[in-house]
Number of protein chains: 2
Amino acid sequence: MKKYAALLKRTKLFSGVGENDILSMLHCLNTQVREYNKGEYAFRQGEYIRSLMILAVGRLHIQKEDYWGNLNILNEIRPGEMFGEAYIIPNSGTLMNDVVAIEESVVLFFDIDRILTVCSSACPFHTQLIKNLFYTISDKNKSLVQKISYMSQRSTREKLLSYLSDEAKRQNSNSFSIPFNRQQLADFLSVDRSAMSNELSKLRNEGMLDFHKNEFTLREL
Amino acid sequence: MKKYAALLKRTKLFSGVGENDILSMLHCLNTQVREYNKGEYAFRQGEYIRSLMILAVGRLHIQKEDYWGNLNILNEIRPGEMFGEAYIIPNSGTLMNDVVAIEESVVLFFDIDRILTVCSSACPFHTQLIKNLFYTISDKNKSLVQKISYMSQRSTREKLLSYLSDEAKRQNSNSFSIPFNRQQLADFLSVDRSAMSNELSKLRNEGMLDFHKNEFTLREL
DNA sequence: AAAAGTCTGTTGTATTTACAACGAAAGCAG
DNA sequence: CTGCTTTCGTTGTAAATACAACAGACTTTT
């Protein structure tokens with residue numbers, strides 16, 4: 001378990017907690033370790049989850065098969081990332097997705113009830129952990145809501161403008177850089193890359209914005 | 001404050017807590033009450049939020065104006081609903097949206113630090129509150145992720161199939177009813193209603209599914 | 001420096017979607 | 001029952017998108 005303390009120290013969940021304290025908390029949280037071979041399913045649709053998980057080593061895909069058997073990859077989990085935080089509500093249905101190891105992987109399991117129930121005196125960092133958990137989920141929530149606000153725009157143009165508008169606000173400048181290349185931006189907004197490139201060119205021709213690589217500038221009309 | 005206890009008892013956040021205990025907790029949480037006139041802004045883009053809010057009376061719109069001034073309504077808040085839970089992360093930027101009262105409204109403010117920091121002994125229901133908060137956000141998270149998984153499908157047909165597929169899974173039957181009428185479903189999936197109706201008819205003609213009003217049945221191929 | 005590979009913008013075409021309009025069916029009120 | 005309103009499916013047309021293909025710019029490798 002000790003070998004994971006350094007990794008955990010850098011995760012959002014254990015942020016602000018020292019390695020020694022993490023070690024004692026791991027015990028308090030009844031932490032389990034499981035390894036998965038490449039291709040192995042960590043969870044299947046329909047299972048109940050009672051833990052919060054952090055991927056220590058490897059890579060996982062959150063994916064879904066529809067009624068007619070079509071596969072759809074929803075998300076890729078990388079080391080240090082937490083997952084399962086949306087599926088531990090009691091009496092509220094089962095996992096809707098499959099979780100598959102696409103590399104040999106190691107997953108840490110934390111008992112959710114031990115996280116949320118403060119043990120009377122043992123863990124001075126328990127309150128910190130709860131705050132971290134809350135902040136992490138809250139932050140994810142915020143990202144999801146924003147993403148939906150872009151995706152719910154009907155046209156590629158509107159999706160681009162709402163995203164770029166928000167980035168300008170967030171970075172507090174009408175000139176800013178984005179953390180995506182074109183393909184990643186297209187995937188993020190759920191549009192076709194070439195159609196998006198085309199639309200960006202139109203917007204530039206119309207004088208609404210300018211860009212070089214990942215640097216964008218919004219113009220007044 | 002007493003007059004709000006009955007309302008709060010029915011909210012997700014205070015679920016499982018009796019009215020008398022809610023009253024003592026309201027004090028412990030340093031609850032503030034603010035009223036807004038119709039049309040008044042409760043919050044503006046760029047502000048910092050340090051509280052969790054529950055709407056007691058009225059109706060609010062979460063909305064956004066882009067760089068060029070176009071208005072966009074993201075969400076409508078009704079009495080008993082919590083909001084702001086995604087915007088109270090310390091040091092992580094400001095509010096990206098405006099919150100406007102579209103009717104005369106009353107909002108309750110709860111100090112977020114007092115919720116997350118367990119007061120040594122005073123509140124026996126504090127742990128319950130933390131769990132409720134976690135479950136609420138977690139549940140919202142889950143809904144958001146699912147919605148994104150539908151919206152990220154490229155065509156109306158795929159959006160429909162992924163949503164209906166999930167509902168069949170969730171209700172554990174290939175026959176099920178949905179909580180939307182056609183317009184609401186179209187809004188939820190971010191597609192045009194008439195195009196969606198058209199696509200549903202095609203799917204029925206192709207023998208993939210059947211429907212009468214809000215009752216759907218998925219067919220094997 | 002040459003070669004191989006990646007990223008981006010552009011174009012043409014087939015497909016899909018948005019929009020407006022309308023009639024039938026269902027639900028509701030007087 | 002009658003008239004009014006809402007919901008739903010259908011259709012035609014204009015607009016937008018997906019897809020495939022390709023060329024130039026830029027990177028990385030050899």
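Reminder, nothing fancy here: chain letters follow the sequence lines and each chain counts from 1.
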Query raised in the report: Can you find a side chain N or O atom of B:S194 that sits less than 4.0 Å from OP1 or OP2 on D:dC8?
Result: no

Query raised in the report: A:S197 near the nucleic acid: base, sugar-phosphate alone, or nothing, with a heavy-atom cut-off under 4.0 Å?
Result: base

Report summary line: To the nearest angstrom, the CG-C1' distance between B:N205 and D:dG9 comes to 11 Å

Query raised in the report: Quick one: is A:K159 getting a side-chain N or O under 4.0 Å of the D:dT17 phosphate, OP1 or OP2?
Result: no

Report summary line: In whole angstroms, the gap separating P of C:dT16 from CG of B:L203 amounts to 12 Å

Requested in this report: Send over the distance from B:Q183 CD to D:dT5 P, rounded to a whole Å.
Outcome: 19 Å

Report summary line: Taking for B:T156 and for A:R182 the nucleotide of DNA chain C with the nearest heavy atom, the one nearer the 5' end belongs to A:R182

Report task. Run the salt-bridge test on A:E85 and A:K140 with the 4.0 Å N-O cut-off and return the result as yes or no. Result -> yes

Query raised in the report: Which is true for B:D192 with a 4.0 Å heavy-atom rule: it touches a base, it touches only sugar-phosphate, or it touches nothing?
Result: base

Query raised in the report: Quick one: on DNA chain C, does A:F211 or A:R154 contact a more 5' nucleotide (nearest heavy atom)?
Result: A:F211

Query raised in the report: What is the distance, rounded to the nearest whole Å, between atom CG of A:N198 and atom C1' of C:dT8?
Result: 12 Å

Report task. Specify the closest pair of heavy atoms between B:E81 and B:E76, including all atoms of both residues, with the distance to one decimal. Result -> OE1-O, 4.0 Å

Report summary line: Of the listed C:dT10, D:dG9, C:dT8, the closest approach to the A:S201 side chain comes from C:dT10

Query raised in the report: How close or far is atom P of C:dT8 from atom CG of A:D187, stated in whole angstroms?
Result: 12 Å

Query raised in the report: For the base of D:dG9, is there a side-chain donor-acceptor partner from B:R193 under 3.5 Å away?
Result: yes

Query - Minimum-distance nucleotide to B:V191 side chain [options: D:dT7, C:dT11, C:dA18] - result: C:dA18

Report task. State whether the number of non-hydrogen atoms from other residues, nucleotides or ligands found under 6.0 Å of B:Y48 atom OH is greater than 12. Result -> no

Query raised in the report: Once you round it to whole Å, what is the distance between C1' of C:dT8 and CD1 of A:I178?
Result: 13 Å

Report task. Take the protein atom CG of B:L160 and the nucleotide atom C1' of C:dT16, then report the distance between them rounded to whole Å. Result -> 14 Å

Query - d(CD, A:E199; P, C:dT17) in whole Å - result: 17 Å

Query raised in the report: Is the CG atom of B:N37 crowded by more than 12 outside heavy atoms at less than 6.0 Å?
Result: yes

**Report entry** Per B:K213 side chain, nearest of listed nucleotides C:dG27, D:dC26, D:dT10
**Finding:** C:dG27

Report task. Go through A:R204 and A:F211 one step at a time and tell me if the side-chain contact (heavy atoms from CB on, under 4.5 Å) criterion holds. Result -> CA-CA 8 Å; A:R204 177 163 55 189; A:F211 56 89; 3.6 Å; yes

